[in-house]
2 protein chains.
Amino acid sequence: MDSNQHIKSLIHHISQDVTLDEYAIDKLSSVLVIKELNKKEFLLEPGETANTMNFIAQGCMRSYYLDENAQEHTLQLGIEHWWINDLYSYLSRKKSRMYIQALEKTFLIQLPRIELEKLYIELPEISNFFRIKIQSAYVAVQERVIDSMSDDAYERYDTFRRSYRDIEQRVPQYIIASYLGVTPEFLSYLRKKHS
Amino acid sequence: MDSNQHIKSLIHHISQDVTLDEYAIDKLSSVLVIKELNKKEFLLEPGETANTMNFIAQGCMRSYYLDENAQEHTLQLGIEHWWINDLYSYLSRKKSRMYIQALEKTFLIQLPRIELEKLYIELPEISNFFRIKIQSAYVAVQERVIDSMSDDAYERYDTFRRSYRDIEQRVPQYIIASYLGVTPEFLSYLRKKHS
DNA sequence: TCCGCTTCTTAATATACCTTAAGTTTTTTC
DNA sequence: GAAAAAACTTAAGGTATATTAAGAAGCGGA
């Protein structure tokens, strides 16, 4: 797939929520940056500042951080047509504590923050689009808080598998464990117990 | 404090993030609804659908739900100048599973969804404002996910106290426990142990 | 095709947090 | 200001999940 195809898939993605006219599409296209990452390559590492919004045109990524015991905790997983970022760093302009890493060879479409801020003013539909996207993202994270408080680990695993079957099959178990908030050993034990 | 004061405080709150001209202020003011709630009164109960955005002009509120064992889990706490809602229900138009309850006598300013959708089109600064607000809310919930995965219960309690000292002093311990995801008994034990 | 690296499993021991139940203190109500 | 209700504490015993350590299985590169 070439760059134009990737860009078309982003335009199509945005058009599912808001209406873009010719002018908006041209404006938008002119600021997009394509980025290619190899498996295990990092888009962002602790100490850096997030400067772009990142749409996954093709591939698979995750964001995670290390706690004080150097344990990995996965915050976000994403595949084609998902967005991935450290919004804390992007919005606050502060250094990130997160790693954002490709789990497969991945093609991103990036929207630089400076350009995006200008687009928000000139093209209200773009501001609208991101408002709608982030509303859904907020609801999804809140759902995760609810799950983590109500359910035991196996139920969370089961919910995860049912919700993200296509992701589950592309990511190693230990990353899923670190997303669910359990050790790989305990997840392995749960899988055996329920099989 | 009378209604006009409450409305002024909302306008002032919005003006901290975006610029509102006379026309926008008039338009906005014309759709606002003031709602008064007594202590323990519910704004929303399971089975109802959220139809408004709710700004706390004065008072204290929380949202919570009951899990399958009828345990309360507090999702959101808020005081003056915070927003409170079940965004899942509001955005999806589906029935809520949540209670939203006043913890003190509270005055809300409500923005009906139908009117707000119209404002988004006519006044892009309003769409912008809610995009900015929800971005911050997303970061805050994500921070909560991070805390719940890295820290033990006492650290979470400590972080909560440092971040929300003004809230901590207005709500009972058992609600804070249900926000942190522990039993009131265990929180009591932790408080003693660390005192 | 084999080696080395990454991922997954097993099991024993340890710990954070829960459940239950009872008693105490604080707040609300009339 | 007394009675009732709500909130908080204490403690014993139980469960879910972590830790450690070792080995097995799968997989990518020469």
Side-chain angles (χ1 to χ4, degrees), chain A residues 38-42 60 62 64 66-74 77 99 101-105 147-161 167-195, chain B residues 37-42 59-60 62 64 66-74 77 99 101-106 145 147-161 167-195:
Chain A
N38 287 318
K39 184 169 179 173
K40 304 210 172 175
E41 199 175 340
F42 290 103
C60 182
R62 72 155 168 160
Y64 68 96
L66 302 179
D67 68 18
E68 54 275 16
N69 308 314
Q71 297 277 34
E72 283 182 13
H73 296 281
T74 297
L77 287 167
Y99 296 86
Q101 185 186 34
L103 301 177
E104 304 172 357
K105 184 175 188 65
D147 285 355
S148 77
M149 291 202 300
S150 343
D151 300 348
D152 71 11
Y154 187 75
E155 283 176 74
R156 262 144 54 212
Y157 175 58
D158 205 48
T159 305
F160 176 84
R161 290 214 300 186
I167 290 187
E168 188 217 346
Q169 279 153 3
R170 285 161 76 168
V171 195
Q173 300 279 343
Y174 79 89
I175 288 182
I176 294 174
S178 89
Y179 179 91
L180 297 173
V182 297
T183 59
E185 293 86 351
F186 188 58
L187 181 56
S188 177
Y189 161 78
L190 289 176
R191 281 160 51 79
K192 187 181 183 196
K193 188 171 123 189
H194 287 86
S195 64
Chain B
L37 292 165
N38 287 317
K39 184 168 179 173
K40 303 211 173 174
E41 200 176 339
F42 291 102
C60 183
R62 71 155 169 163
Y64 68 95
L66 301 180
D67 69 16
E68 55 276 14
N69 308 313
Q71 297 278 36
E72 283 182 13
H73 296 281
T74 298
L77 286 166
Y99 296 87
Q101 185 186 34
L103 301 178
E104 304 172 356
K105 184 175 187 63
T106 296
V145 172
D147 285 356
S148 77
M149 292 203 297
S150 343
D151 300 348
D152 71 10
Y154 187 75
E155 284 176 73
R156 260 145 54 211
Y157 175 57
D158 205 50
T159 304
F160 176 84
R161 290 214 299 187
I167 291 187
E168 186 217 347
Q169 279 153 5
R170 286 163 74 169
V171 305
Q173 298 280 344
Y174 79 90
I175 288 181
I176 294 175
S178 89
Y179 179 92
L180 296 173
V182 297
T183 58
E185 292 86 350
F186 188 58
L187 181 55
S188 177
Y189 161 78
L190 290 176
R191 279 159 53 79
K192 186 182 185 198
K193 190 173 121 188
H194 287 86
S195 67

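Chain identifiers are assigned alphabetically (A, B, ...) following the order of the sequence lines, protein sequences preceding nucleic acid strands; residue numbering begins at 1 within each chain.
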With B for base contact, S for sugar-phosphate-only contact and - for none (protein heavy atoms under 4.0 Å), nucleotides 13-30 of chain D reads ----BSBBB---------
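- Distance check, rounded to the nearest 0.5 Å: CD1 of B/I176 to CZ of B/R62 gives 11.0 Å.
- Looking at the side chain of A/K192, the nearest of the listed nucleotides D/dA7, C/dA11, D/dT10 is C/dA11.
- B/L180 contributes atom CG, which lies 10.5 Å from atom CG of B/D158 (distance to the nearest 0.5 angstrom).
- Listed nucleotides D/dC8, D/dT9, C/dC8 differ in distance to A/Y174; the shortest reach to its side chain belongs to C/dC8.
- Summary for the helix from C/dT1-D/dA30 to C/dC30-D/dG1: the axes at its two ends, each from 5 pairs, differ by 60° when rounded to the nearest 10 degrees.
- Crowding of A/K39 atom NZ: a count of heavy atoms from other residues, nucleotides or ligands under 6.0 Å not exceeding 12.
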- Check against side-chain contact (heavy atoms from CB on, under 4.5 Å), A/D151 and B/E68: CA-CA 9 Å; A/D151 300 348; B/E68 55 276 14; 4.1 Å; yes
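- Between B/I176 atom CD1 and D/dA6 atom P there is a gap of 19 Å when expressed in whole angstrom units.
- In this structure, A/Y99 and A/F42 have tilted ring planes: the angle between them lies in the 30° to 60° band.
- A straight line from CD of A/Q173 to P of C/dT9 spans 6 Å, rounded to a whole angstrom.
- At least one donor-acceptor pair closer than 3.5 Å links the side chain of B/Q101 to the backbone N or O of B/K40.
- An OP1 or OP2 oxygen of C/dC8 is reached within less than 4.0 angstrom by no side-chain nitrogen or oxygen of A/R191.
- Atom NZ in B/K40 sits about 12 Å away from atom P in D/dA5, given to the nearest Å.
- Computed from coordinates, the B/Y157 OH to D/dC8 C1' distance equals 12 Å when rounded to whole Å.
- For the pair A/R156 and A/V182, the tightest heavy-atom approach, listed with the atom from each and the gap, is NH2-CG1, 4.0 Å.
- Here CE of B/M149 is found 11.0 Å from CD of A/E72. Values are rounded to the nearest 0.5 Å.
- Here side chain to side chain donor-acceptor pair (under 3.5 Å) pairs that include residues 171-191 of chain B, with residues two or more places apart or in two chains, are B/T74-B/S178, B/Y157-B/R191.
- For the pair B/E104 CD and C/dT27 P, the interatomic distance rounds to 14 Å; values are reported in whole Å.
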